[in-house]
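Just so it is clear, the values below take in all heavy atoms, side chains as well, and ignore hydrogens, waters and symmetry mates. Residue numbers start from 1 in every chain, and the chains themselves are labelled A, B, ... in the order their sequence lines are given, proteins ahead of strands.
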Amino acid sequence: MAELLNGQKRTLMCGEVTTEYVGKTVTLMGWVHRRRDLGGLIFLQLRDRSGISQAVFDTDVCSRELLEKASTIKLEYVVSIVGKVRRRIGNNVNPNMKTGEIEVVAEELKILSEADTTPFSIGDDGANEALRLKYRYLDIRREQLQHNLIVRSKICQIIRNYLSDNGFIEVETPMLGKSTPEGARDYLVPSRIRPGSFYALPQSPQIYKQLLMIGGMDKYYQIARCFRDEDLRANRQPEFTQVDLEMSFVDREEDVMQLTEGLLCKIFKEIRNVDLPTRFTRMSWIDCMNLYGSDKPDLRFGMQIQNLDDTVKNTKFAVFQNALSAGGTVRAIVLKNGADKLSRKELDKLAEFVKTYKVGGLAWYGLGADGVKCSFSKAVDESELEEIKTKLEMQHGDISLIVADKNWKNAVVALGALRCRLAAKFELYKSGDFACLWVVDFPLFEYSEEEGRFVAMHHPFTHPKNEDLPFMLSDPSRVRAKAYDVVINGDEIGGGSMRIYNREVQKTMFEALGFTDEQIAERFGFFVDAFKYGTPPHGGLALGFDRLVMVLTDTTNIKDVIAFPKMQNASCMMTEAPAQVDEKQLTELRIKCEAGDD
RNA sequence: GGCCCGGUAGUACAGAUGGUUAGUACGCCAGCCUGUCACGCUGGAGGUCGAGGGUUCGAGUCCCUUCCGGGUCGCCA
């Protein structure tokens, strides 16, 4: 039978009981993590978010009644235990436990709440993810999730302190806003007052934070929830958190980048005791693409992509020749000592893998223990292989993996993905390594085949590089942006830009994007208006808070750092949201439900 | 929308080529046990093999359809 707490006070958390409390009486409260009933002697391990302590029920000290009560306790019961802290001696010390040098000799036991057998064991890892999500409150009892959520909270505190110390003001911006046609799909909220009209949940506070700069807030930040109705991934949830910041009277990327470096250094130092470089590597977008096939390269390992265009320009191998004659390219990566690690079967699998990145296939050329193995040796002369070997500086044992495509971007992206896959497979980096990078000099525009025009790569308020301003209309593809992404271990942790604050530049930008005055007014109306009344030079950045926590907690699954995440189909296993609503609610909103949908 | 992987007691998993009563560990239930620490020992209960259809004398296993979960490409200014 469960008992009342009746004003009893906890004196310590379970994980806080140390030898300094020896001889003192303490009151612990928590969940029964394990029970070891030896008959006349019972050990209970009591758990709360701080850790685990062992309580012992011993008839040498406690009554027979108390021992019998303790024998009825099951796992996950919530209990309070009053007892004296005793030093464990000899073999009774458990060196694997933080509190292994002490135990609490129980004098009183209250069963505060009984518990059914849980659907999965709290002490183990490995239960099916869907099951853990259905009983998320039980999953949160697990040590890993407790740790991740605590780290998340600590990082949040560090961020608030740092930005506050640097003169930033925290301002909240609306959740109910206006849908913007650009970018990701919006989550919509129907208006009751104006039937047929909808609010949109923010994809980011971008517009509001720029308006705050116009409003003279000077430096703003917000830990902001954002919503995007797009498909989920291992590192993508439909609602997620951004550390959003913006500052006025700056026009160099460095101003925001250095502030961000300071913040990240502080976080890594305090959370992981890791000293990040005070200045991160900077690499242009075009170099990232060419060398790593990604705009968010993982620099924990090498294996840079190399260009074989000149080396194979006279090749007889049709695949290479076709790519080159179509204006394409032939690129390669070299896996050191990989020739004998990659079987024919595995190479075929890798070929299938690169095909998902829109390239035709994968060629390989390795110098294995049993001699040369090459997927295209029949098509080329010995001398060509020698030239490739020389160009790629291949040693005995190495294997090169080669992709040819008429589109250079497809080729490098495929190799970039392959590079990461091989690094993971052969453990070319170790956990605890952190490679930080700024990707800079993004193109301002990107040509959209779908729309048949240039579109903004970041957004249409991104400031062009000053030196590229003259080419915005004459040669848009060469114009670079004052935009920057911060990348850690191949994860895009954040990004931002300097914003346009000059009316002429903004006008040119819209012209380059092919917007008419009507389109500008319709899409960006109030926002463009605001810029007419005195806009300070400004710029900012948003950090993907969840992803930052992922890096700091060594997980690749965003669900591990969010208390109540959604599943891949964007539903919640626990609450079963989204769900049908009452007819009455729909009627109020004047939303008609078509009979026989689907 | 495409591709890949998975679904077998409460949980995690094993079940070559189709063949007796579908196993193992943990958990659960009952009993024993005074120094355990993943306590141990004895016994017990527990299964729509995701669902439906098919092939077969016989299907967890083979075929088809479908549902569910995960990953990924597209998508995410």
Side-chain angles (χ1 to χ4, degrees), chain A residues 33-45 52-62 64 67 71 74-76 86 88-97 99-100 103 105 116-135 138 180-186 203-204 206-207 226-238 240 349 352-359 410 413-414 417 420-421 442 444-446 448 450-451 454-462 481 483 492 495 497 513 523-524 544 556-557 559 567-571 573:
Chain A
H33 189 63
R34 281 187 214 288
R35 188 194 61 185
R36 289 184 281 274
D37 185 343
L38 276 62
L41 183 68
I42 296 173
F43 297 98
L44 290 186
Q45 298 222 313
I52 295 171
S53 264
Q54 172 168 286
V56 56
F57 293 79
D58 184 346
T59 44
D60 291 350
V61 179
C62 77
R64 175 59 59 177
L67 187 88
S71 75
K74 294 178 193 169
L75 297 187
E76 298 307 312
R86 177 164 74 187
R88 299 202 211 176
I89 46 169
N91 285 338
N92 294 346
V93 174
N94 184 346
N96 301 319
M97 248 176 112
T99 59
E103 62 192 358
V105 184
D116 288 354
T117 303
T118 50
F120 55 88
S121 164
I122 309 301
D124 296 344
D125 289 336
N128 178 283
E129 190 174 62
L131 188 75
R132 292 197 283 115
L133 288 173
K134 182 172 179 183
Y135 300 95
L138 297 179
T180 51
E182 309 283 305
R185 201 174 289 116
D186 285 319
Q203 298 176 22
S204 92
Q206 181 65 37
I207 282 175
C226 303
F227 304 85
R228 291 179 190 174
D229 186 6
E230 298 292 345
D231 285 357
L232 282 70
R233 287 286 188 281
N235 64 357
R236 228 159 66 188
Q237 282 273 306
F240 60 100
K349 260 172 105 174
E352 285 307 309
F353 173 73
V354 297
K355 281 181 192 171
T356 63
Y357 292 87
K358 294 185 284 193
V359 298
N410 287 351
V413 166
C420 290
R421 184 180 159 126
F442 280 84
L444 186 66
F445 302 105
E446 189 174 31
S448 165
E450 196 183 318
E451 303 204 24
F454 281 100
V455 297
M457 195 173 199
H458 195 49
H459 60 61
F461 309 103
T462 305
E492 184 192 329
S497 65
L513 292 169
R523 296 189 192 191
F524 311 109
T556 53
N557 186 343
K559 299 188 198 86
M567 299 193 299
Q568 187 168 277
N569 64 6
S571 71
M573 192 79 193

**Student:** When you check the gap from the basic side-chain N to the acidic O, do A:Lys355 and A:Glu352 get nearer than 4.0 Å?
**Tutor:** yes
**Student:** Closest to the A:Ala127 side chain: B:rU11, B:rG70, B:rA38?
**Tutor:**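 The answer is B:rU11.
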**Student:** Roughly how far apart, to the nearest Å, are B:rA9 and B:rU61 at atom P?
**Tutor:** 15 Å
**Student:** Among B:rG70, B:rC28, B:rU36, which nucleotide sits nearest the side chain of A:Lys559?
**Tutor:** B:rG70
**Student:** For nucleotides B:rC64 and B:rG47, find the distance between their C1' atoms and express it as a whole number of Å.
**Tutor:** 26 Å
**Student:** Counting side-chain heavy atoms from C-beta on, which of B:rG35, B:rA77, B:rC37 comes nearest to A:Gln206?
**Tutor:**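 For the A:Gln206 side chain, the nearest candidate turns out to be B:rA77.
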**Student:** For A:Asn128, answer base if it contacts any base atom (sugar-phosphate contacts may also be present), sugar-phosphate if it contacts only those atoms, and nothing otherwise; contact means non-hydrogen atoms under 4.0 Å.
**Tutor:**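 Sugar-phosphate, no base atom in range.
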**Student:** Just checking A:Met457: base, sugar-phosphate only, or nothing, at a heavy-atom cut-off of under 4.0 Å?
**Tutor:**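 The residue A:Met457 makes sugar-phosphate contact but no base contact.
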**Student:** In Å and rounded to the nearest 0.5 Å, what is the CZ to NZ distance from A:Arg132 to A:Lys559?
**Tutor:** 9.0 Å
**Student:** Which heavy atom of A:Val56 sits nearest a heavy atom of A:Glu103, and at what distance?
**Tutor:** CG1-CD, 3.9 Å
**Student:** Between A:Thr117 and A:Ala234, which has a closest nucleotide on RNA chain B that is more 5'?
**Tutor:** A:Thr117
**Student:** For A:Asn569, answer base if it contacts any base atom (sugar-phosphate contacts may also be present), sugar-phosphate if it contacts only those atoms, and nothing otherwise; contact means non-hydrogen atoms under 4.0 Å.
**Tutor:** sugar-phosphate
**Student:** Report yes or no: is the ring centroid of A:Phe120 under 5.5 Å from the six-membered base ring centroid of B:rU11, with the two planes under 30 degrees?
**Tutor:** no
**Student:** Mind checking the P distance from B:rG60 to B:rG18? Whole angstroms is fine.
**Tutor:**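 B:rG60 and B:rG18 have their P atoms separated by 13 Å.
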**Student:** Measuring only the P atom in each nucleotide, how far is B:rA59 from B:rG40? A whole number of Å is fine.
**Tutor:** 41 Å
**Student:** Could you grab the distance from atom CZ of A:Arg35 to atom CG of A:Leu75, nearest 0.5 Å is fine?
**Tutor:** 6.5 Å
**Student:** Would you kindly check whether a donor in the side chain of A:Arg233 faces an acceptor in the base of B:rG74, or vice versa, at under 3.5 angstrom?
**Tutor:** yes
**Student:** Checking all strands, does A:Glu492 fall into the base, sugar-phosphate, or nothing category for heavy-atom contacts under 4.0 angstrom?
**Tutor:** nothing
**Student:** Grab the CD1-C1' distance between A:Ile207 and B:rA77 for me, whole Å please.
**Tutor:** 11 Å
**Student:** Yes or no on side chain to side chain contact (heavy atoms under 4.5 Å, CB included) for A:Phe442 and A:His458, after CA distance, side-chain angles and deciding distance?
**Tutor:** CA-CA 9 Å; A:Phe442 280 84; A:His458 195 49; over 6 Å; no
**Student:** Could you tell me how far B:rC26 sits from B:rC41 if I compare only their P atoms? Round to whole Å.
**Tutor:** 8 Å
**Student:** Considering Watson-Crick and G-U wobble pairs with both distances under 3.5 Å, what does B:rC57 pair with?
**Tutor:** B:rG19
**Student:** Between the base of B:rG71 and the side chain of A:Glu129, is one N or O donor paired with an acceptor at under 3.5 angstrom?
**Tutor:** no
**Student:** Closest approach of A:Leu444 and A:Ala481, non-hydrogen atoms and distance?
**Tutor:** CD1-CB, 3.6 Å
**Student:** Please determine, for the side chain of A:Leu75, which listed nucleotide (B:rG35, B:rC28, B:rC73) has the closest atom?
**Tutor:**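 The nucleotide sitting nearest to the side chain is B:rC28.
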**Student:** Can you tell me how far P in B:rG53 sits from the matching atom in B:rC49, rounded to whole Å?
**Tutor:**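 Per the computed distance, 13 Å lies between those P atoms.
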**Student:** For A:Val455, give me all partners under side-chain contact (heavy atoms from CB on, under 4.5 Å), at least two apart in sequence or on another chain.
**Tutor:** A:Glu446, A:Ser448, A:Glu451, A:Arg453
**Student:** Looking only at heavy atoms, what is the nearest atom pair of A:Met567 and A:Leu133, with distance?
**Tutor:** CG-CD1, 3.6 Å
**Student:** Only pairs with both distances under 3.5 Å count, Watson-Crick or wobble alike; so what is the partner of B:rC29 in this structure?
**Tutor:**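 B:rG43 - that is the nucleotide pairing with B:rC29, both distances being under 3.5 Å.
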**Student:** Which nucleotide wins on minimum distance to the side chain of A:Asp60, given the candidates B:rC76, B:rU34, B:rA12?
**Tutor:**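 Output: B:rU34.
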**Student:** B:rU36 phosphate, OP1 or OP2: any side-chain N/O from A:Gln54 under 4.0 angstrom?
**Tutor:**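 Looking at the OP1 and OP2 atoms of B:rU36, neither is under 4.0 Å from any side-chain N or O of A:Gln54.
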**Student:** With syn defined as a glycosidic torsion within 90 degrees of 0 and anti otherwise, which applies to B:rA14?
**Tutor:**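 Nucleotide B:rA14 adopts anti.
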**Student:** When the C1' atoms of B:rG23 and B:rA14 are compared, how many Å lie between them, rounded to an integer?
**Tutor:** 7 Å
**Student:** Of all the choices, B:rA77, B:rU36, B:rG69, which nucleotide is nearest to the side chain of A:Phe43 once you look at every atom?
**Tutor:** B:rU36
**Student:** Would you mind pulling out the nucleotide paired to B:rG6, Watson-Crick or G-U wobble, both distances under 3.5 Å?
**Tutor:**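 By the stated definition (distances under 3.5 Å), B:rC68 pairs with B:rG6.
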**Student:** Once rounded to the nearest 0.5 Å, what's the spacing between atom CG of A:Leu41 and atom CG of A:Leu67?
**Tutor:**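 Answer rounded to 0.5 Å: 8.0 Å.
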**Student:** Could you measure between the two C1' atoms, the one in B:rU21 and the one in B:rC68, and give it in whole Å?
**Tutor:**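 Pairwise C1' distance, B:rU21 against B:rC68, rounds to 31 Å.
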**Student:** If you measure from CD1 on A:Ile122 to CG on A:Leu138, what distance do you get to the nearest 0.5 Å?
**Tutor:**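 Output value for this atom pair is 4.5 Å.
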**Student:** Could you state the atom-to-atom distance from CD of A:Gln568 to P of B:rC67 in whole Å?
**Tutor:** 15 Å
**Student:** On RNA chain B, check which nucleotide each of A:Tyr357 and A:Arg88 is closest to and give me the residue with the more 5' one.
**Tutor:** A:Arg88
**Student:** In whole angstrom, give the distance that lies between atom CE of A:Met573 and atom C1' of B:rG70.
**Tutor:**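 Answer to the nearest Å: 12 Å.
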**Student:** Check every atom of B:rU36, B:rA77, B:rC75 against the side chain of A:Asn92 and return the nucleotide holding the closest atom.
**Tutor:**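 Of all the options, the side chain of A:Asn92 is nearest to B:rU36.
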**Student:** Show your working on side chain to side chain contact (heavy atoms under 4.5 Å, CB included) between A:Phe524 and A:Ile207 and close with a plain yes or no.
**Tutor:** CA-CA 10 Å; A:Phe524 311 109; A:Ile207 282 175; 5.9 Å; no
**Student:** Atom CD of A:Gln203 to atom P of B:rA77: distance rounded to whole Å?
**Tutor:** 7 Å
**Student:** Closest to the A:Leu38 side chain: B:rC75, B:rU34, B:rA77?
**Tutor:** B:rU34
**Student:** B:rC32 P sits how many Å from A:Asp37 CG, rounded?
**Tutor:**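 So the two atoms are 10 Å apart, to the nearest Å.
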**Student:** Counting the atoms with a prime plus P, OP1 and OP2 as sugar-phosphate, which does A:Leu131 contact under 4.0 Å by heavy atoms, base, sugar-phosphate, or nothing?
**Tutor:**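 Sugar-phosphate only.
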**Student:** Confirm from the modelled atom types if A:Arg35 and B:rG27 form a donor-acceptor pair under 3.5 Å, side chain to base only.
**Tutor:**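 A donor-acceptor contact between them is absent.
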**Student:** Using a 4.0 Å heavy-atom cut-off, write out nucleotides 1-9 of chain B from 5' to 3' as B (base contacted by protein), S (sugar-phosphate only) or - (no contact).
**Tutor:** B--------
**Student:** Going from CG on A:Asp116 to NZ on A:Lys74, what distance comes out if it is rounded to the nearest 0.5 angstrom?
**Tutor:** 8.5 Å
**Student:** Check this for me: does the side-chain of A:Thr59 come within 3.5 Å of the base of B:rU34 through a donor and an acceptor?
**Tutor:** yes
**Student:** CZ of A:Arg132 versus C1' of B:rU11: gap in Å, rounded?
**Tutor:** 12 Å
**Student:** Can you find an N or O donor on one side and an acceptor on the other, under 3.5 Å apart, linking the side chain of A:Arg236 with the base of B:rC76?
**Tutor:**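 Side chain to base: pair present.
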**Student:** Base, sugar-phosphate, or nothing for A:Ser121, non-hydrogen atoms under 4.0 angstrom?
**Tutor:** nothing
**Student:** Which listed nucleotide (B:rA38, B:rU11, B:rU72) is nearest to the side chain of A:Arg34?
**Tutor:**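 Among the listed nucleotides, the one closest to the side chain of A:Arg34 is B:rA38.
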**Student:** Using whole Å, what does the distance between atom C1' of nucleotide B:rU36 and atom CZ of A:Arg86 come to?
**Tutor:** 13 Å
**Student:** Any side-chain N or O of A:Lys74 under 4.0 Å from OP1/OP2 of B:rC29?
**Tutor:**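 The answer is yes; a side-chain N or O of A:Lys74 sits under 4.0 Å from OP1 or OP2.
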